[in-house]
Amino acid sequence: MSSASTAFPLLTATAVLPAVGAIATAAVPAARRTAAKWLALLFSLATLVLAAIVFVRFEPGGDRYQLTESHAWIADFGVRYELGVDGIGVALIALTAVLMPFIILAGWHDADPLESDSRRWRPTQGFFALILMVEAMVILSFEATDVFLFYILFEAMLIPMYFLIGGFGDRAAPAGRAAAAAGGTEENAAAQRSYAAVKFLLYNLVGGLIMLAAVIGLYVVAGSFSLSEIAEARASGSLEMATTTERLLFLGFFFAFAVKAPLWPLHTWLPNAMGEATAPVAVLITAVVDKVGTFAMLRFCLQLFPEASKWATPAILVLALISIVYGALLAVGQRDIKRLIAYASISHFGFIVLGIFAMTSQGQSGATLYMVNHGLSTAALMLVAGFLISRRGSRLIADYGGVQKVAPVLAGTFLIGSLATLSLPGLAPFVSEFLVLVGTFAAYPVAGIVATLGIVLAALYSLVLYQRTMTGPVKLEVREMPDLKARELAVVAPLIALLILLGVFPKPLTEIVNPAVEHTMSDVQKKDPRPEVEAAK
């Protein structure tokens, strides 16, 4: 029996709980900073419990959208509050809920008052409240099946992210010795954070405004914002779009999602944002928020505009390949640890988009798994890098060396995070990257061959990063560097355990993802290409 709907609004509760937690955390008195931290952590753990219930309640062989909710919202404009999850949405809700407690624990002291200047106050309550608010909006965006509701969430999450980037920047030297040589000051650092936050906001707002025009155009053509109603009308033939109209609407949606993803050449905001944000906020950006863009390509672009998606596939595959190679090449040349991870993420997002638009079941399953596994691997690497940077006070790779001799546990966890980034067999990202490449090669052999260059470059930038920071003679400045503490181990150890578990046993994810991928393949009326075997003579 399918659990297509439920009397209890489980999906709403999963999104509302962190929103309530954000309000409660913000309301904690200013002097009770520790209480605010614990409250935020408890709400994130409670959200994780609800997400686990959603995961368990979801039936892979059931209806396409399950645990559905539908209520009138703005009736005069045909806008409804409609929620539902497929296997892809369930996997990404689980990823978001799993990462949030670790993000909060990792940022435990990131918003404490600055001891060096008693006049500066970093509002701890606001920092954790903003993180919980982002969680609420991201989860609800994975659940929304009304296009207008999704658009509201897609744009609204920019506001808390803007304040997290611009108001709570990294305390490490923006560019190590280079900043010092240039007479870098706290004012200059604040200006760089502000620039990164504004750039993030402007890029995503422009993409959102273009999407708004496409959303309105879709309503004019279809007369509804309901994803299921529009899809059913298209499948039954009662709704027909002119070729030019469908392509223009597709481009409006895809542009916004490509900015969020981020896909070359709309990626330039990401290195600035991740470089200037604290490490937990950087994880929030690339491991959680950016997944909304690639998720929406599957849910909206392919389902609403199947013919236009196939029409645009060659160009999108080229952009994805450029992202893979370009991001990896720039990662190789980086001197800043956090910017290196940012450019590596651009390369990885190229693999995700490649898998989506390869239009094969292996490619799309791999792309979905890649979203989850990239979130886990990037979180592990970036958070350990954040712990490293907080000890030395610099993001420059050249300011480190020999760390493994003085902090072996930190170095060991950094190594595992680096190996996951290069998709080492036995770790979770390998499974997803392998599926993406197999699916791509089956349909587009040349694209599959070019994409393998990203694997070679990933090995280069990951291992060179480890070699230059962790091995060699011990630098004077790191001789007294402490190893990971209990709180930091509590952040990193579960992430590493998940990377290993999903690397050797990905079945829990593939079981719920594969049926959703079959529905998406049906939307675009594509079948996996069969290998041509020469008949035996």
Side-chain angles (χ1 to χ4, degrees), residues 3-6 8-22 43-60 62-69 81-104 131-146 149-150 153-154 156-157 227 260 283-284 286-300 352 365 367-376 379 428 495 498 502 506 508-517 519-520:
S3 58
S5 60
T6 179
F8 178 74
L10 182 58
L11 297 185
T12 294
T14 307
V16 166
L17 188 59
V20 172
F43 270 98
S44 69
L45 290 172
T47 304
L48 176 57
V49 171
L50 286 183
I53 295 174
V54 171
F55 193 93
V56 172
R57 288 283 303 276
F58 185 82
E59 299 178 7
D63 296 344
R64 179 173 189 173
Y65 293 110
Q66 301 180 29
L67 306 174
T68 56
E69 303 172 32
Y81 176 80
E82 287 191 350
L83 306 181
V85 287
D86 60 0
I88 299 170
V90 169
L92 293 175
I93 290 170
L95 170 68
T96 303
V98 165
L99 288 180
M100 282 301 167
F102 302 125
I103 288 173
I104 290 172
I131 289 176
L132 288 174
M133 189 57 68
V134 172
E135 178 181 21
M137 293 179 181
V138 169
I139 288 177
L140 200 55
S141 69
F142 292 142
E143 299 170 346
T145 55
D146 182 276
L149 174 61
F150 174 82
L153 297 165
F154 187 82
M157 69 180 68
L227 180 65
K260 183 85 77 179
V283 171
L284 189 62
T286 190
V288 177
V289 173
D290 287 354
K291 298 302 188 299
V292 176
T294 47
F295 163 80
M297 292 179 189
L298 281 165
R299 170 164 285 190
F300 296 102
I352 295 172
S365 293
T368 304
L369 292 178
Y370 215 128
M371 293 185 222
V372 176
N373 295 334
H374 170 262
L376 295 174
L495 292 174
L498 283 171
L502 294 177
L509 283 180
T510 57
E511 277 188 339
I512 67 167
V513 165
N514 289 341
V517 167
H519 285 296
T520 304

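Hydrogens, waters and symmetry mates are skipped; everything else that's a heavy atom, side chains included, is used.
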* Locate the shortest heavy-atom distance separating Gly84 from Thr68; write the atom from each residue and the value. => CA-CG2, 4.1 Å

* To do: Just jot down the ring pair (Phe, Tyr, Trp, His ring centres under 6.0 Å) partners of Phe300, sequence neighbours excluded, or say none.
  => Phe150

* Asked: Sub-3.5 Å donor-acceptor pair from the side chain of Lys291 to the main-chain atoms of Thr286, do we have one?
  -> yes

* Asked: Quick one: CZ on Arg64 to OG1 on Thr520, what's the gap to the nearest 0.5 Å?
  -> 5.0 Å

* Asked: Can you check whether Thr294 reaches Tyr370 side chain to side chain, under 4.5 Å on heavy atoms?
  -> no

* Evaluate the side-chain proximity of Leu298 to Met371: yes if any heavy-atom separation is below 4.5 Å, no if none is. => yes

* To do: Kindly indicate, with the supporting measurements, whether the criterion side-chain contact (heavy atoms from CB on, under 4.5 Å) is fulfilled by Met100 and Leu284.
  => CA-CA 8 Å; Met100 282 301 167; Leu284 189 62; 3.1 Å; yes

* Mind checking whether Leu140 and Val16 have side chains closer than 4.5 Å, heavy atoms only? -> no

* **pair Leu67-Phe58: side-chain heavy atoms closer than 4.5 Å** => no

* **Side chain to side chain, Met157 and Val292, heavy atoms closer than 4.5 Å** => yes

* Listed partners of Glu82 passing salt bridge (Lys or Arg N to Asp or Glu O under 4.0 Å), at least two apart -> Arg80

* Asked: What is the minimum heavy-atom distance between Ala22 and Leu132, and which atoms define it?
  -> N-CD1, 3.7 Å

* ring pair (Phe, Tyr, Trp, His ring centres under 6.0 Å) partners of Phe142, counting only residues at least two apart -> Phe295

* To do: State whether the side chain of Glu511 and the backbone N or O of Pro60 hold a donor-acceptor pair below 3.5 Å, judged by distance alone.
  => no

* To do: Kindly write out the residues that satisfy side chain to side chain contact (heavy atoms under 4.5 Å, CB included) with Ile53, not counting sequence neighbours, or none if the list is empty.
  => Leu10, Val49, Leu50, Arg57

* **Minimal non-hydrogen separation, Leu95 against Val372, with atom names** => CD1-O, 3.6 Å

* Any side-chain heavy atom of Ile139 sitting closer than 4.5 Å to one from Thr47? -> yes

* Going through the checks in order, is the side-chain contact (heavy atoms from CB on, under 4.5 Å) test met by Leu99 and Leu376? -> CA-CA 8 Å; Leu99 288 180; Leu376 295 174; 4.1 Å; yes

* **Check: Leu502 and Leu369 side chains under 4.5 Å, non-hydrogen atoms** => no

* Asked: Is Leu48 close to Val98 at the side-chain level, that is, under 4.5 Å between some pair of heavy atoms?
  -> yes

* Quick one: side-chain hydrogen bond (donor to acceptor under 3.5 Å, both in side chains) pairs with a partner in residues 135-144, sequence neighbours left out? -> none

* Structure fact -> By salt bridge (Lys or Arg N to Asp or Glu O under 4.0 Å), Asp86 pairs with (sequence neighbours left out) Arg299

* To do: Output the distance between atom CG (Leu509) and atom OG1 (Thr368), rounded to the nearest 0.5 Å.
  => 10.0 Å

* Asked: For Val283 and Ala379, which heavy atoms make the closest approach, and how far apart are they?
  -> CG1-CB, 3.7 Å

* To do: Might you point out which heavy atoms bring Gly87 and Val513 nearest each other, and give the distance in Å?
  => O-CG2, 4.3 Å

* To do: Return the minimal non-hydrogen interatomic distance between Thr145 and Leu83, and the atom names on each side.
  => OG1-N, 3.7 Å

